[in-house]
Each structure stands twice: as C-alpha cells, then as structure tokens.
Amino acid sequence: MSHTRNSELSDFTHSELIRYSRHLALPQVGPTGQRRIKAARVLLVGAGGLGSPAAMYLAAAGVGTLGLVDFDVVDLSNLQRQIIHGTGDVGRPKLESAAERLRDVNPFVAVEEFATRLDSSNATEIISGFDIVVDGSDNFPTRYLVNDACVLTGKPYVYGSVYRFEGQASVFAATDGPCYRCLFREPPPPHLVPSCSEGGVVGVLPGIVGSIQALEAIKLILEEGETLVGRLALIDALKLRFRELKLRRDPECSVCGEHPSVRQLIDYEAFCGAEATVAQQAMEITVGELAQRLESRSDLLLVDVREQYEWEICRIVGAVLVPLGELQARMRELDGTKEIVTLCHLGIRSLVALEILRAAGFSRVRSLQGGIDAWARQVEPTMAVY
Amino acid sequence: MWIFRLFFSSMQSPSSISVRCRLFARYAEIVGQDEVTLSLQRDATVAQAVAVLRQSVPDGARLPEQPMVAVNQEHALAGQVLADGDEIALLPPLAGG
C-alpha cells in the first residue's frame, strides 16, 4: 500500500507536492486523484467571462493540459468580468493574454492554443483531442455546435451561461445523461434572447458560473461526488437563490435520441437564424452605404436608439439620440418626410425601433446593420468601441 | 399525502385547477412579472398551460409557443398533464458567456 502511494507521489516534483498539498489532503483527491487531474486534458471554448475563472481554477488545480479556443481580442469593456485579462492586455489576442496568465498561475500546465473560431469544419478534430469540454462561449450557434460535437465524439459537455443576473449550469452529453438539445430543442428567435452586450451582465456572475464549471470538470476527472449530469442549476444572483431542475433524456432528441436526425455537424449559423434573412436585409442599410449617403449629404435622419451612457461613449456626427424606451412618446419630434436610419450598438434594438416606426406610419425607415460597432470598425476606426 | 389528495379530489372533483407559473430571465422581463397564477381546466397539459399564459398576461404572445417548461422542478414535455397546485416554470435559454 505504502509502495503504491510512494510510486504515485513520484510523479510529482517537490514543488508540485507543496503546490497541491491542499488537494493531496482531501480523501476524495489524494495522490491518486491528483495524478488523474495531471493526466487530464480539458478544452475551454472561449476565454471570456466564464472561461476566465474556469481556466484559472483548472490551471491552479493542476489539470495537465488545457486547450483554449478563442479568436477575439481583449476589449476594454471585457475587463468588468473577464478577470484573466488585465488593463495592459487591451488590444492583444485573448488567447495570448490568457495563456500567459495561465502559465503564471501554474507553469506545470501545458496550454494548447487554438486561435480560431470553433466551427463545423474544425470542432470534431479539436474536441477529439480532449477528455472534457467546458463551454464559455457567448452565442447559440457555438453552444449547439459544442453540444452536438460532444455527443458525437462522446465527450462530456460542461455547460454554463449567463444573462444579466441569471445563470445556468449543467453537465450534458455524459453517459446516460441528457444533452443541451434534450432541453432546448431549437434555438430561440434572435430577438427573444439578447446577448450580454445588449442586455448587460453583472460582472461577478460569470465568475460564479465559470467556477461551478471548473468544479464540475474536476469532479468528472476524479469521478467523485455528484455532478450536474441530469440537473440544471439555476442561479438568481439578484436574490441569491440557487434552484435546480431535474432533467431527463428526450428519447426524441435529434442528436442523442433513439432515432437521431443529426449524425454529423451542421451549419449552426443557419440553424440558429444568426444570418440575416432576406426580409431582414431589405430593412437594413450597411455601414458602407450609410457612409456614402452621409458623404453625398443626402437627406437622412439618423436616429440613435441607444441609452445616454452609450451615447457618451461614442456617436455618429449628425445623429439624434432617442433611447428605445422613449421612442413611442417622442416620435412626434421626428421629421416624417425624411428617410430615417435607426441605429444602436449591434443592430438589434434598431430593428425593434424600425418596427415601432413603421407601425406608426413612417414608411422610409431602415436599420443600420451591425450598429455603431460595425461603423466604428469599418468606417471610423478612431471611434471608441465597447 | 396522496391518500389525502385522492380523498380531497374525490370529494371536491373540481372542474378547474390552479397552477403557479414562474417565469425566468428574459421571459419575466417580457411580461413584466416573474410569477402568475393560472386557472386551468382539469387535466390540462403543459402545452395548454402555456397557451393560456400567452393569452392572459400583457405581451404574453411574445413568449415562444413551445418554451422549455419544468413542472415541480422537473423538465416536462408538452403533453404532460398538470394537477391542482403544480408549479410550472418557463426557462429561456441563455447564451451569454
């Protein structure tokens, strides 16, 4: 017995024994468990709000190999919650900033970097190389993609998501457990679930949910305790209430059911309706066209429907501010003889504004595709983005 | 407990049941409240409860026709039959990360 223990401990250097001493003291971890953690390979999708704490705790715990997938760049507006990045990292690739931080947290961890957007062409190959997938993505197409790829490759999918003050966590696609699609068969229409950049999120919340994801990954590695397989944890941060729902596998699930129709990865952007429909395109104006129109001094009325604080961050010269919530009441201020372009941060609220104006009889209204964010990136590079 | 319920229901044999409906995240924002009590026909299903909810609260029609529903803290399919006193919860998927 003591011989076994000694040989298990021989896998660790003296400094690792000190580093992991609080784990080694736990009966549920000990030298055997710590070896399993060291041998584990965990993939993190996204180095953002959820990925920050998840990656840092998994690195600190001594997970031998951490894969990171991210294609984004650190933005000032990320720092309120994405604690793996610092102020000096603004403008750097998130992958570079996160990997540097993780190597500092624990130099015994190998960080594998995937500087790409996870999609149907690469997901199976990337995920196949890991034991567990922790999803910290921020959009529906990626969530359905990760779920399906995990089901098809047989890897547990540690799920977490946040919006405003509410969070969810679970473990999907584990043996005999339900998958994300058993719960949410089809993605909601885009207008029904605004993103955190439109709706906001309290910065601590992804810290809590991402930490739960790291905890679940560790328990899956150790095969100890009760994981969230078959349960959905619901966190209400405003009231600080934790609830849970019992989940069950849906025998009619299109990916993990008895007669699956999804047998390989599909086009998730199209599945989630993330690509603009033809009808939507007809209602929109691109930033390029808007720039030309403004340059040629055509008679356009630019109605910015964002909030005052957003207006203070950046604005297009010549626009008027009418926050979406005030639009109905202040409609009389708008000159109905002019062609109107509504705009917001990302082009979602402006579509709602367009509907309101059209319903009120304004006939020539279009919405700025991609919002002021697209304008800043494509037309006015000196403009602040958020 | 179930004996009591059985006794109670055979005595009363009510033609309608009362179901507490909880709304989460975006759904609560859409209808402006996070809890609604619904009066339903006996043997109403989850799908019928959702249909009644969509008609009876302001902006209810903006809720999806087939949301993810839990009955008494368990994920339920649309055809599940409800009983008096059940709690149903409507959960939107969240995408933020």
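Here is how names work: the chains are called A, B, and so on, in the same order as the sequence lines, proteins then strands, and each is numbered from 1. Nothing here was measured: the structure is a model prediction, and the numbers come from that model.
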When you look at CZ of A:R117, are more than 12 heavy atoms from neighbouring residues, nucleotides or ligands closer to it than 6.0 Å?
no
Residue part contacting chain A, namely of B:Q66, when any heavy atom lies under 4.5 Å:
neither
So which atom in B:L94 and which in A:Y159 form the shortest heavy-atom distance, rounded to 0.1 Å?
O-OH, 3.9 Å
Can you tell me which portion of A:L205 sits under 4.5 Å from chain B's heavy atoms? Options are side chain, backbone, both or neither.
neither
Is there a side-chain contact between B:P93 and A:P188, using heavy atoms and a 4.5 Å cut-off?
yes
Is A:V201 close to chain B through its backbone or its side chain, or both, or neither, when contacts mean heavy atoms under 4.5 Å?
neither
Counting only heavy atoms not in A:E252, do more than 12 sit closer than 6.0 Å to its CD atom?
no
Within a radius of less than 6.0 Å around CD of B:E87, do more than 12 heavy atoms belonging to other residues, nucleotides or ligands occur?
yes
With a sphere of 6.0 Å drawn around OH of A:Y386, does it hold more than 12 non-hydrogen atoms of other residues, nucleotides or ligands?
yes
Please report the interatomic distance CZ(A:R164) to CZ(B:R26), rounded to the nearest 0.5 Å.
7.0 Å
Segment of A:E244 engaging chain B (4.5 angstrom heavy-atom cut-off):
backbone
Measure B:Y27 against the heavy atoms of chain A and call it side chain, backbone, both or neither at under 4.5 Å.
side chain
Side chain, backbone, both or neither: which part of A:Y144 has a heavy atom under 4.5 Å from chain B?
neither
Please report the interatomic distance CD(B:E29) to CD(A:E166), rounded to the nearest 0.5 Å.
8.0 Å
Which atoms of B:L91 approach chain A - backbone, side chain, both or neither, heavy atom under 4.5 Å:
both
Which atom names give the shortest non-hydrogen contact between B:G96 and A:R143, and what distance separates them?
O-NH2, 3.2 Å
Is A:R231 close to chain B through its backbone or its side chain, or both, or neither, when contacts mean heavy atoms under 4.5 Å?
neither
So CG of A:L234 and CD of B:Q73: to nearest 0.5 Å the spacing works out to 9.0 Å
Whatever's closer than 4.5 Å to a heavy atom in chain B on A:Y180 counts as side chain
Part of A:F184 lying under 4.5 Å from any heavy atom of chain B:
side chain
Most heavy-atom pairs under 4.5 angstrom with chain B, which of A:L247, A:L50, A:V162?
A:V162
B:H75 and its side-chain contact (heavy atoms from CB on, under 4.5 Å) partner, picked from A:L232, A:L183, A:L245, A:D250:
A:L183
Against chain B, work out which of A:S137, A:P206, A:G46 has the most heavy-atom pairs shorter than 4.5 Å and name it.
A:S137
Short side-chain to backbone donor-acceptor contact, A:Q168 and B:P92, under 3.5 Å:
yes
